[in-house]
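One structure is given here, and the rest of the page talks about it.
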Amino acid sequence: MAKIPINIDGTALEVEQGQTILEICQANGIEILTMCHMKGLGDVGACRLCLVEIEGINKLLPACTTKVAANQVIKTKTEKIKKYQKITTELLFAVCVSNGKCELQDLGYKVGMTHVRFPYLFPQCEVDTSHPWYVMDHNRCITCTRCVRVCSQVEGSYNWGVKNRGVSSRIISDFNTPWGESTTCTACSKCVHSCPTGAIWPKAIVQGQLTKSPQMIADLVERRKMNL
Amino acid sequence: MKRKTIATVWLGGCSGCHMSLLDIDERILEVAKLADILKSPIVDGKEFPEVDVALVEGSVTSDEHQHELEVIRQKSKILISLGDCAVTSNVTSMRNQFNKEDVLNYAYKEAISNDGQGQMPGGPWPLLHLIEKVVPLHEVVKVDYFIPGCPPSADTIFYVLFELLNDRIPDLSAERKLKYG
């Protein structure tokens with residue numbers, strides 16, 4: 001495939017066309033903060049953490065869904081980006097007791113967040129305990145949609161979906177019915193392992209003991225590509 | 001270096017942050033070398049004095065807390081939000097999901113432990129007035145420093161206090177002392 005020249009943080013690179021900025025950065029050891037991105041799933045640019053500056057474009061663009069183009073000059077570590085990463089992190093923060101095992105907490109430590117500057121909205125969020133094995137706690141959900149994507153793209157069940165927009169966005173099971181009544185869910189637990197917070201968790205495990213393996217999903221996707 | 005003055009305050013919280021403060025153990029002697037604790041739940045003092053550092057635990061849940069916090073802000077050079085209730089409003093804000101009157105009725109009238117005999121305290125209202133929604137400190141006054149944690153560890157509290165008393169600005173991230181929950 002044709003190679004094109006680009007520049008990231010002052011380093012000139014020759015890269016293959018068709019890749020996203022995030023893929024290029026990860027392949028070249030340039031750290032980009034992510035949350036809704038997960039190896040093995042298609043990207044949607046939901047969380048806005050991977051925003052980068054591109055010369056000549058006056059808004060920040062998400063690295064995960066923006067493809068490289070010839071002669072792009074990209075910056076990933078400016079003061080403006082750091083400022084927005086902190087704002088985004090603060091806006092994502094909910095109360096979470098998946099303590100010490102939570103990707104969102106790790107993110108807070110990375111950007112040095114000590115408090116949330118925005119007034120809390122205290123949205124009414126339900127806890128769905130209807131499934132025999134798993135719980136969906138909407139209070140801890142950041143609507144990254146990893147569960148929605150793993151369910152459709154990897155498991156092929158299409159149990160999870162999204163209703164409403166903005167602050168009213170909620171993850172739904174089937175047609176907004178209790179998870180336990182789902183006719184599509186195969187109880188495969190891929191959503192449990194994809195969830196970066198403590199929103200989806202197995203009943204059998206005490207909180208704080210929860211270890212998730214998102215890497216398992218990426219491995220599965222790779223193995224399925226093999227011709228045996 | 002001039003001796004500093006400290007106050008510690010307990011607003012809408014469980015006093016767990018003060019327990020953690022006491023857990024600095026013998027290091028309190030290091031603090032005592034540099035500063036006097038003028039006001040605290042463990043110090044007998046009525047009026048809030050002028051201080052260099054005020055450590056405030058708990059969220060703002062009532063008109064009384066609101067007033068107290070405004071006085072603390074006026075009289076303190078550095079105001080610190082100590083712990084998750086002060087920083088996020090935490091457990092105390094669980095009532096924000098409900099109507100304030102429903103919360104009071106449930107506590108005083110309907111609670112099972114009242115055996116159906118419960119009633120609201122009568123006469124001139126003897127309690128502080130709950131505000132509609134519980135809020136963290138920085139939604140009421142300017143806060144200079146935040147120590148999250150439920151409670152923050154004794155090490156973290158001592159680190160912040162010791163740095164401030166030595167005229168240095170503490171950096172929880174750089175020290176890897178930032179810890180949620």
Engaged part of B:Val91 at the chain A interface, taking heavy atoms whose separation is under 4.5 Å: neither
Nearest-0.5 Å distance, OH of residue B:Tyr145 to NE2 of residue A:His115: 11.0 Å
Contacting region of B:Gln97 [heavy-atom separation from chain A under 4.5 Å]: both
Heavy-atom neighbours of B:Phe98 CZ exceed 12 at 6.0 Å: no
Rounded distance [0.5 Å steps], NZ in A:Lys110 versus OG in B:Ser173: 13.0 Å
Exam field: side chain B:His138 to backbone A:Val116, donor-acceptor pair closer than 3.5 Å: yes
Which atoms of B:Ser93 approach chain A - backbone, side chain, both or neither, heavy atom under 4.5 Å: both
CD (A:Glu126) with more than 12 external heavy atoms under 6.0 Å: no
A:Thr114 backbone acceptor or donor facing B:Tyr180 side chain under 3.5 Å: no
Whether over 12 other heavy atoms sit under 6.0 Å from A:Lys39 NZ: no
Neighbour count >12 (heavy atoms, 6.0 Å) for atom CG, B:Leu29: yes
Neighbour count above 12 (heavy atom, 6.0 Å) for A:Lys83 NZ: no
Interatomic spacing from NZ in B:Lys179 to CD in A:Gln105 - rounded to 0.5 Å: 6.0 Å
Steps toward side-chain contact (heavy atoms from CB on, under 4.5 Å) verdict (B:Arg176, A:Tyr109): CA-CA 8 Å; B:Arg176 296 181 176 276; A:Tyr109 297 140; over 6 Å; no
Enclosure of B:Met94 CE (heavy-atom neighbours >12, cutoff 6.0 Å): no
A:Tyr158 OH: over 12 foreign heavy atoms closer than 6.0 Å: no
